[in-house]
Amino acid sequence: MPQKFYSTKSPGQFVDLKEAVLRSLPSDNGLYMPEYIDPLPAHFWENWRDLSLPEIGFEVAKMIFRDSVPEKQLEKIVHQSANFPAPLVTLKEREHILELFHGPTLAFKDFGARFMARLMGWLTREDEGLLTVLVATSGDTGGAVASAFHNVPGTRVVILYPKGKVSDLQEKQLTTLGGNITSLEVDGTFDDCQRLVKSTFLKREMAEDLNLTSANSINISRLVPQSFYYFEAARKLPLGVQPTFVIPSGNFGNLTAGLLAEKLGLEVERFVAATNRNDVIPTYLQEGEYRPRPSVATISNAMDVGAPSNFARMEDIFGNEWKSMRARVAGFSYDDQMTREAIRRIKVETGYTLEPHGAVGWLAAEEWRKLNPEAHTVVLETAHPAKFLDVMEEELGEGAVAVPERLGCLANLEKVAIPMAPDEEVFVEWLRSMG
Ligand SMILES: *Cc1c(COP(=O)(O)O)cnc(C)c1O
């Protein structure tokens, strides 16, 4: 049977995989969830610790997508997308780091974006015309999406980024691929970019005419591949050890993917959410009241989120019961000064270089281990330190972080971007003229 997807706001109504993935967001503003998330079958658990990351990914994806994608096809999509490692580094007994930054753009978002690109390519293989993917970015997401869709047949990507508000290397990641990737340098803020993207989806007819879709982080197809690496980490721990996963969080997609892994049968001791000063969810876990608010800027900027978009999925998973969520998920938050101090101290104590997001996670792991000395903590390191060179050099000194070849070589490539006014009419006109 194919999988069906419901909106968290209309649990009785279902759409198929293609609609859930290409529409991304249901019209009632809920989020899509799979109808069935069953534990993996007995034969999986017989030898799961011997499987590779893509082999585990294939079994997981099969459980979620069911017959919505033919097995051979799904296997190919998983193997082509999860084609870089997620090493587990043990710093001390019981203290582990799961490195998720070995993909082409050096952040965990590569897992989700690469899978989504290939799945979208397959879902639209018989459609007429190109699929046009719109993405507004404040930095990391655009690079991962651009790299993932580059040269995927039948697709093209339009990236909107705020002029002068992304780092030089980030801008190079957005503007040097060429081919089916087009970048618009918007004379405005990230919010302007997001507004322009949204405005096109409100014009339903045009969106359909132009075959538009969106690659934002609430897309269910970005979430599923992020559950693969929870299994990958767990299988490498000593037999019988249940991990406590510590997850630096912003929109809580990564944490929600962990909850999916648990629903698929993975034994997890606890989930610990680590945030910067944008602590809406740690506060919710403590007090039981969800109060979104405008985000504040921090040095762990990929977590500067004031209204975490995956909260609706977390609530859905826990049956809208605060107590149930609180029993499985703990939350801690740290400010920039504590984060900077942690980057320096951890380097001295262990020799390991954590970037700001991972450092927030490490602080939460330390706090958790104080309360639970028996815990085996696995901190998800979500990006490579070279992506946050300014902060790293302020704390550890110049040259403390080697820039990987695939980031460094971008510096010499020429930026190609089209200037765009922050104006909905102008943007829509431009889109139409693309044909
Ligand atoms: C996107 C991102 C996060 C936050 O992940 P969510 O799934 O939104 O919680 C954390 N760290 C880095 C480096 C990111 O790019």
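Every number for a ligand or one of its atoms is a count from 1 in the order of the listing. Below, each value reflects all heavy atoms present in this structure, side chains not excepted, and no hydrogens, waters or symmetry copies.
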Original post:
Looking at R195 and D192, does any basic side-chain N land under 4.0 Å from a carboxylate oxygen?
Top reply: yes
Original post:
Does the distance from a Lys or Arg side-chain N to an Asp or Glu carboxylate O, for K236 and E232, drop under 4.0 Å?
Top reply: yes
**OP:** Using distance alone, with no hydrogens and no angle criterion, decide if E381 and Y352 have a side-chain donor and acceptor under 3.5 Å apart.
**Re:** no
Subject >> ligand 1 N/O within reach of E355 N/O, cut-off under 3.5 Å >> reply: no
Original post:
At a 4.0 Å threshold, what atoms of ligand 1 neighbour a non-hydrogen atom of M303?
Top reply: 10 (C)
**OP:** Flag yes if more than 12 heavy atoms outside E405 fall under 6.0 Å of its CD atom; otherwise flag no.
**Re:** no
**OP:** Give the residue, atom name and distance (to 0.1 Å) of the protein heavy atom nearest atom 8 (O) of ligand 1.
**Re:** N251 N, 2.8 Å
**OP:** Look at atom 12 (C) of ligand 1 and say which protein heavy atom is nearest, naming residue and atom and giving the distance to 0.1 Å.
**Re:** T382 OG1, 3.4 Å
Subject >> Test salt bridge (Lys or Arg N to Asp or Glu O under 4.0 Å) applied to E262 and R328, step by step >> reply: CA-CA 10 Å; E262 183 172 49; R328 299 296 305 134; 2.5 Å; yes
Subject >> Numbered atoms and elements of ligand 1 in range of S249, under 4.0 angstrom, heavy atoms >> reply: 9 (O)
Subject >> Contacting atoms of ligand 1, where contact means under 4.0 angstrom from a heavy atom of A383 >> reply: 13 (C)
Original post:
Checking salt bridge (Lys or Arg N to Asp or Glu O under 4.0 Å) for the pair E35/R66: CA distance, chi angles, key distance, verdict?
Top reply: CA-CA 11 Å; E35 181 182 20; R66 304 189 146 218; over 6 Å; no
Original post:
Should P248 be counted as touching ligand 1, given the test is an N or O pair under 3.5 Å?
Top reply: no
Subject >> Residues N372 and R270: side-chain donor-acceptor under 3.5 angstrom >> reply: no
Original post:
Identify the closest protein heavy atom to atom 14 (C) of ligand 1: which residue and atom is it, and at what distance?
Top reply: K109 NZ, 2.8 Å
**OP:** Please identify which atoms of ligand 1 are closer than 4.0 Å to at least one heavy atom of G253.
**Re:** 6 (P), 7 (O), 9 (O)
Original post:
Identify the closest protein heavy atom to atom 4 (C) of ligand 1: which residue and atom is it, and at what distance?
Top reply: G250 N, 3.7 Å
Original post:
Under 3.5 Å, N or O to N or O, is A107 touching ligand 1 that way?
Top reply: no
**OP:** Determine, stepwise, if the pair K387 / E355 fulfils salt bridge (Lys or Arg N to Asp or Glu O under 4.0 Å).
**Re:** CA-CA 8 Å; K387 292 197 95 168; E355 54 70 56; over 6 Å; no
Original post:
What do you reckon, does F252 have a nitrogen or oxygen under 3.5 Å from a nitrogen or oxygen of ligand 1?
Top reply: yes
Original post:
Do N254 and ligand 1 have an N or O pair less than 3.5 Å apart?
Top reply: yes
Subject >> Side-chain donor-acceptor pair present, N276, D336, cut-off under 3.5 Å >> reply: no
Original post:
Going by heavy atoms, is F108 under 4.0 Å from ligand 1?
Top reply: yes
